[in-house]
Trainee: 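Okay, here's the structure, questions in a sec.
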Amino acid sequence: MNRGGVLLAVLFLSAAAAIGQTADDRYVPNPDMAIHALKALPDGKLLVGGAFTTIAGGSRSGIARLHADGRLDTTFNPGAGADGAVLDIARQPDGKVLIAGVFSTVNGTARRGIARLLGNGSLDPAFDPGAGADTIVSVAVQPDGKVLVAGAFVTLDGQVRNHIARLLPDGSLDPAFRPLADREVSAVALQPDGRIVVGGWFSTIGGQPRRGLARLYPDGTADPSFTNSVENSVHDVAVQPDGKILIGGFFDHVNGHPRHNLARFEADGTLEAGFEPNANQKVECLVLQPDGKILVGGAFTQLNGVTRERFGRLNPDGTLD
């Protein structure tokens, strides 16, 4: 989602500050190509995914881990890495790392669209998605170890799975989960109660009309209590610890109310009336800080009418930090 090394440097500094680390400006990672995913780790290190082949002065294709000061972590070595772009990253509680994107091999082994790495960066052979899928843009891990994936694909491992699917812990397709969306699902997030919030370009999912945003039960059926409608497209979704749901994308109305590219819902699914940050162009990524503040990235040049070039931070109430 993010473009180039400048935004990575800003995200890197902000993420380091958010987890209590001090970033050293002598170590700006400087990737040679686009950055699409960033994951802060409990120890202060950062997982970075994208289309790069070099980062922080080292050779890394698509996936790398950085120290808190921006240096390349050489103990995380994915070998030849991904042969295409890594668009999203998820970390399991056991430290294994899921990468999703537009690639067909990882370190020379066939892994189309989704793969799992061990804590040292090597490919996990115990996770095998078979034929995989084209263009997976979002990945999330359930507490039971199952893996949710979403994107532009219509099949996964040769089976019909329109834009959203679930994998078992070994990477095989979960036959019991088949929501089927009519267009791309670009974001997937989990609520603490196991329900699944998804955003994208779709107008139907799980056999029900849902425009741009939906909530699914764990079995993939659409939640009838969540019927919000987003005018255009949702690019990212984040669930706060209090259960509120943040969305960012390219839209001007939600449920008929003016909301410019950012909106938030109460835990019960109703649109939050007082949260109106307003970005003047699309929002592509949202990151929740431990202190409740919200990092926002995208194509915008203003937040709340104040100049913020593609990156900004909101206070928990939606006002500009």
Side-chain angles (χ1 to χ4, degrees), residues 36-37 39 47 49-51 60-63 76-190 194 196 198 200 202 205-207 216-221:
H36 299 290
K39 184 75 173 176
L47 285 166
R60 290 289 186 275
S61 291
I63 181 70
F76 183 87
N77 188 354
D83 65 348
V86 172
L87 303 179
D88 201 13
I89 300 169
R91 183 179 181 272
Q92 296 186 172
D94 62 3
K96 294 178 181 180
V97 176
L98 287 151
I99 59 173
V102 188
F103 51 80
S104 56
T105 66
V106 174
N107 197 22
T109 300
R111 287 292 186 274
R112 188 162 161 250
I114 181 80
R116 189 167 67 193
L117 308 179
L118 301 175
N120 63 5
S122 61
L123 184 68
D124 183 358
F127 184 89
D128 186 354
D134 291 329
T135 317
I136 297 176
V137 301
S138 187
V139 58
V141 183
Q142 296 185 172
D144 61 3
K146 294 179 181 180
V147 179
L148 292 160
V149 294
F153 58 86
V154 293
T155 65
L156 199 154
D157 195 20
Q159 301 298 310
V160 174
R161 290 293 187 277
N162 291 351
H163 309 296
I164 183 168
R166 187 165 62 195
L167 306 177
L168 301 176
D170 64 0
S172 59
L173 190 63
D174 183 349
F177 187 85
R178 293 192 62 185
L180 303 179
D182 64 336
R183 293 187 68 189
E184 182 176 335
V185 177
S186 55
V188 57
L190 284 164
I196 304 156
V198 295
F202 52 83
I205 188 168
L216 308 175
Y217 287 118
D219 64 0
T221 57

Trainee: How long is the span from the CZ atom in R60 to the CG atom in N77, to the nearest 0.5 Å?
Mentor: 4.5 Å

Trainee: With a 4.5 Å heavy-atom cut-off, do R161 and T155 have their side chains touching?
Mentor: no

Trainee: For V198 versus V185, what's the shortest heavy-atom pair and its separation?
Mentor: CB-CG1, 3.9 Å

Trainee: Nearest 0.5 angstrom please: K146 NZ to L168 CG, how far?
Mentor: 6.0 Å

Trainee: I'd like to check I205 versus L180 (side-chain heavy atoms, cut-off strictly below 4.5 Å). Are they in contact?
Mentor: no

Trainee: Any heavy-atom pair between the side chains of V102 and D134 that's under 4.5 Å?
Mentor: no

Trainee: To the closest 0.5 Å, what do you measure between NZ (K39) and CD1 (I89)?
Mentor: 9.0 Å

Trainee: Once you round to the nearest 0.5 Å, how far does CZ of F202 lie from CG of N162?
Mentor: 13.0 Å

Trainee: Are the side chain of R112 and the backbone of A131 linked by a donor-acceptor contact shorter than 3.5 Å?
Mentor: yes

Trainee: Taking the side chain as everything from C-beta on, heavy atoms only, tell me whether V97 gets closer than 4.5 Å to L47.
Mentor: yes

Trainee: Just how far is it from atom CG of D88 to atom CD1 of I136, taken to the nearest 0.5 Å?
Mentor: 10.5 Å

Trainee: Could you tell me the separation between the CD1 atom of I164 and the CD1 atom of I196, rounded to the nearest 0.5 Å?
Mentor: 6.5 Å

Trainee: Can you pull out every salt bridge (Lys or Arg N to Asp or Glu O under 4.0 Å) where at least one residue sits in residues 177-187? Sequence neighbours excluded, please.
Mentor: none

Trainee: Checking T221 against L216 for the side chain to side chain contact (heavy atoms under 4.5 Å, CB included) test, could you report, in this order, the C-alpha distance in whole Å, the side-chain angles of both residues, the deciding distance, and whether it holds?
Mentor: CA-CA 5 Å; T221 57; L216 308 175; over 6 Å; no

Trainee: Which heavy-atom pair separates F127 from I114 by the least distance, and what is that distance?
Mentor: CE2-CG1, 3.9 Å

Trainee: Show the nearest heavy-atom pair for residues L156 and A165, with the distance to one decimal.
Mentor: CD1-CB, 3.9 Å

Trainee: Of all the heavy-atom pairs spanning Y217 and F177, show the shortest one and how long it is.
Mentor: O-CE1, 4.4 Å

Trainee: By the side chain to side chain donor-acceptor pair (under 3.5 Å) test, which pairs, at least two apart or in different chains, include something from residues 91-109?
Mentor: D83-S104, D83-T105, Q92-D94, Q92-R116, K96-D124

Trainee: Mind listing the closest non-hydrogen atom pair of G194 and P218 along with its distance?
Mentor: O-CG, 3.5 Å

Trainee: In terms of side-chain geometry, is the basic nitrogen of D128 or R111 positioned less than 4.0 Å from the acidic oxygen of its partner?
Mentor: yes

Trainee: Taking all non-hydrogen atoms of both residues into account, name the closest pair between F153 and V149 and its distance.
Mentor: CZ-O, 3.9 Å

Trainee: Say whether, by atom type as modelled, one donor and one acceptor occur between the side chain of H163 and the main chain of G151 under 3.5 angstrom.
Mentor: yes

Trainee: Decide yes or no on side chain to side chain contact (heavy atoms under 4.5 Å, CB included) for V86 and H36, but give the supporting numbers first.
Mentor: CA-CA 7 Å; V86 172; H36 299 290; over 6 Å; no

Trainee: Could you please spell out the steps behind the side chain to side chain contact (heavy atoms under 4.5 Å, CB included) verdict for V139 and I99?
Mentor: CA-CA 8 Å; V139 58; I99 59 173; over 6 Å; no

Trainee: Walk me through whether Q142 and L190 qualify under side chain to side chain contact (heavy atoms under 4.5 Å, CB included).
Mentor: CA-CA 7 Å; Q142 296 185 172; L190 284 164; 4.0 Å; yes

Trainee: Could you tell me whether the side chain of S138 and the main chain of A150 form a donor-acceptor pair under 3.5 Å?
Mentor: no

Trainee: Indicate whether the side chain of Q159 and that of D157 have a donor and an acceptor atom separated by less than 3.5 Å.
Mentor: no

